[in-house]
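One structure is given below, encoded as structure tokens.
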Amino acid sequence: MSAAARMWLATALALAVVLLVPFFVVDVPPVLDYPNHLARFFILAHPDDPVLSKMYAPHWTVLPNLGVDLIGAALLRMTDAHTGGRMLLALSLMSPVAGAIIYHRTVFGTRSYWPLASGLVAYNACFFLGFMNYLLSLGLALAGAAAWIALRRRDRSGWKAVAGAVAAIVTFFSHIFGLALLFLLIAADEVAELWRRHESGTLTPRAFLKAAVPMLVALGPVVVLYGMSPFGDKATTFGAWRAISKVMRLVSPFMTTSVALTLVTTVAVAVVLIAMRRRITFAPGLPLVLAVLAIVYVAAPLRLKGGSFIDLRVALMFALLLFAGIQPRIARREAMFVAFTLAALICVRSAYVGATWIDHRKDVADLRAAIASVEPGARVLVATGYQGEVAQADPERRALFGIYRLTGHLPALLAIERSAFWPTLFADPSQQPVTVLPPFRRISTPLGEPLDWSTLASERYSEETLQFAPYLARWRADFDYVLLIDPTPEPEHIAKLSSLYDGNFAKLYRIDH
């Protein structure tokens, strides 16, 4: 191995270390959906648990959302829940970065430090919201597209079709959005190759067939799988479209819980790209991919077919490809300045995340103290003191400003550490491989959110509220405890609740039946 190759490898390893340091300072990272996912992985890994098996059961079927579940179900049989969980979360963090490096190396045929700068988007809004399967699928899509491109250049149409089918199947089982990115990348690459042939006068009908047939072969198996999946039968529903949200979420690929750090990173990357704009080489077909993603970002609703934050996911794809699919051609002195600036930003971002995660340990400790008296098999209704989706928290580490609060699924520790039931485990049979068993199914809302404390205190529940939380109809009879998280300074009094623990972040009440 040459000295240059050793230097590049050392830099890549240093990047991995810097990005992963925060995972060593806390056992439950403050990532919104992560505790809920972890509870599901724990249930899948321990299907014979004497208490949890009465509430939940594995429900394996063909789903485009299984990647991390399959790994987690195996891993958590060998590790404790929080060690294995952080390993899975770290995998979702590193997968897009690894995919960007692989794709760049294949397309440009050289080791470059530029794709290592994708570490700037490792911590992003999708990560902090806990979209673990989606993030894994981005890495798989980029690696699959790299394999396709390598085989296309060697004129191996048969192997290209096989590799494409395998990559499509693996990515399908991780996330449907990753599958869409995979086919967008390989389609754009084929279009670019056909256009090159057209300009050189070598375009023939056979060239069209060599492009189209392998893609159809690769697409066939996932079309069949989608038809077999209950997700395919799920009704297509559209959420709202908000122009103001679109503008605010342009910074989401670089978003942390610090508004200032998010803006500084966004501006720094934008300045670097603008300064290098005349000295950038694009991967074949990349301008087409970026144009399609830009159109989808503008047109996408906030929710689609049960999926949320559609525009955030598209924005991350776009930003990731700016590191995976372009190669700057700049002078050494300028390259050193850019490298130093971006490397410093990556270190500062990771240090900030680590510091906020250390501070988050106080919330976790308070929650654990609150639920310490909850016995196995108990039913716990969870409520929150804050209201609304767009959050501004104090301290700011509890929210992505203008996006969402990050504390809502921390009560999933009830299942992991106390073997207790709470209503909002992610257990929708059309999206997750876990089902809620009767009689608990009646008081479950598998894709719901914790209830607002003020709503619970009102004692008069509208039809809309009962549709959102049907368990409210008989909540005093159906539950044993109420857990309040992230409370206001003076929560409203609710009759027939006896206080058992009164903390700053978590409060536990026994229901007086």
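These numbers come from the heavy atoms of this one structure, side chains and all, not from hydrogens, waters or symmetry mates. Sequential numbering from 1 along the given sequence is applied to the chain's residues.
A donor-acceptor distance shorter than 3.5 angstrom exists from the side chain of Thr356 to the backbone of Val353, with no hydrogens or angles considered. Between the side chain of Thr262 and the backbone N or O of Ser258 there is at least one donor-acceptor pair closer than 3.5 Å. Using a distance-only test at 3.5 Å, with no hydrogens or angles considered, no donor-acceptor pair links the side chain of Trp148 to the main chain of Ala161. Distance alone, capped at 3.5 Å, is enough to place a donor-acceptor pair between the Asn133 side chain and the Val68 backbone. Asn65 places no side-chain N or O within 3.5 Å of a backbone atom of His175 that could act as its donor or acceptor partner. Although no hydrogens or angles enter the test, the distance criterion places no donor-acceptor pair under 3.5 Å between the side chain of Thr83 and the main chain of Asp80. Judged purely by atom type and a 3.5 angstrom limit, Arg279 uses its side chain to pair as donor or acceptor with the backbone of Ala275. Checked by atom type and distance alone, the side chain of Glu190 never pairs as donor or acceptor with a backbone atom of Ile186 at under 3.5 Å. Side-chain atoms of Ser252 never come within 3.5 Å of backbone atoms of Met255 as a donor-acceptor pair (strictly under, hydrogens ignored). Within the 3.5 Å criterion, the main-chain N or O of Val62 finds a donor-acceptor partner in the side chain of Ser229.
Within 6.0 Å of CH2 in Trp159 there are 12 or fewer heavy atoms belonging to other residues, nucleotides or ligands. Residue-environment remark: CZ (Arg278) stays at or below the threshold of 12 foreign heavy atoms within 6.0 Å. The number of heavy-atom neighbours closer than 6.0 Å to CE of Met276, taken from other residues, nucleotides and ligands shown, is above 12.
Contacts classified as salt bridge (Lys or Arg N to Asp or Glu O under 4.0 Å) and involving residues 16-28 (residues at least two apart or in different chains) are given here: Asp27-Arg368.
The CZ atom of Arg405 lies 7.0 Å from the CZ atom of Arg398; values are rounded to the nearest 0.5 Å. Between the CD atom of Gln432 and the CG atom of Leu63 there is a distance of 8.0 Å, given to the nearest 0.5 Å. Asp311 contributes atom CG, which lies 12.0 Å from atom CG of Leu316 (distance to the nearest 0.5 angstrom). To the nearest 0.5 Å, atom CE of residue Met55 and atom CZ of residue Phe421 are 8.0 Å apart. Atom CG of residue Leu225 and atom CG of residue Leu179 lie 9.5 Å apart, to the nearest 0.5 angstrom. Thr256 OG1 to Phe127 CZ: the interatomic distance, rounded to the nearest 0.5 Å, is 12.0 Å.
Nearest heavy-atom pair across Phe323 and Val121 is CE1-CG1, 4.0 Å. Of all the heavy atoms in Thr171 and Gly178, the pair that sits closest is CG2-C, 3.4 Å. Residues Ser350 and Leu19 approach most closely at OG-CA, 4.0 Å, considering heavy atoms. Leu116 and Ile346 make their closest contact through O-CD1, 4.1 Å (heavy atoms, listed as atom of the first residue, atom of the second, distance). Contact between Ser118 and Ala100 at its shortest, heavy atoms only, is OG-CB, 4.0 Å. Nearest heavy-atom pair across Ala415 and Ala39 is CB-CB, 4.3 Å.
Residues Tyr56 and Thr435 are not in side-chain contact: their nearest non-hydrogen atoms beyond the backbone lie 4.5 Å or more apart. Contact annotation: the side chain of Tyr103 approaches that of Leu185 to within less than 4.5 Å [non-hydrogen atoms, C-beta and beyond]. The closest side-chain heavy-atom distance from Ile403 to Arg249 is below 4.5 Å. Annotation: side chain of His104 is not in contact with side chain of Ile101 (no heavy-atom distance under 4.5 Å). Side chains of Val107 and Asp189 form no contact here, defined as non-hydrogen atoms less than 4.5 Å apart. Put simply, the side chain of Tyr134 reaches to within 4.5 Å of the side chain of Met317, judged on heavy atoms. No side-chain heavy atom of Ile102 sits less than 4.5 Å from a side-chain heavy atom of Leu142. At least one side-chain heavy atom of Leu70 sits less than 4.5 Å from a side-chain heavy atom of Trp60.
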Exercise for the section: Would you check, one step at a time, whether the test side-chain contact (heavy atoms from CB on, under 4.5 Å) holds for Phe309 with Cys126? Expected result: CA-CA 8 Å; Phe309 298 105; Cys126 288; over 6 Å; no

Practice task
Kindly indicate, with the supporting measurements, whether the criterion side-chain contact (heavy atoms from CB on, under 4.5 Å) is fulfilled by Asp33 and His409.
Solution key: CA-CA 6 Å; Asp33 287 354; His409 295 291; 3.3 Å; yes

Problem - Worked verdict on Leu136 versus Leu140 for side-chain contact (heavy atoms from CB on, under 4.5 Å) - result: CA-CA 6 Å; Leu136 175 63; Leu140 294 173; 4.1 Å; yes

Practice task
Please step through side-chain contact (heavy atoms from CB on, under 4.5 Å) for the pair Thr266 and Leu250, ending with a clear verdict.
Solution key: CA-CA 9 Å; Thr266 305; Leu250 287 171; over 6 Å; no

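In summary, the side chains of Tyr352 and Thr257 do present a donor paired with an acceptor at a separation below 3.5 Å, with no hydrogens or angles considered. Using a 3.5 Å distance cut-off with no hydrogens or angles, the side chains of Glu417 and His82 do pair a donor with an acceptor. One side chain, Gln327 or Ser112, offers a donor N or O that lies under 3.5 Å from an acceptor on the other. If you check the side chains of Thr110 and Arg105, you find no donor sitting under 3.5 Å from an acceptor.
Relative ring orientation between Trp195 and His198 is described as tilted, the plane-to-plane angle lying within the 30° to 60° band.
Taking the centre of each ring, His360 and Trp357 stay at or above the 6.0 Å mark. Aromatic ring centres of Phe426 and His37 lie closer together than 6.0 Å.
Using a cut-off of 4.0 Å between Lys/Arg side-chain N and Asp/Glu carboxylate O, Lys210 and Asp155 are scored as salt-bridged. A salt bridge is absent between Glu199 and Arg196: the closest approach of a Lys/Arg side-chain nitrogen to an acidic carboxylate oxygen does not fall below 4.0 angstrom.
At least one test fails for Arg86 against the ring of Phe23: distance under 6.0 Å to the centre or angle within 45° of the axis.
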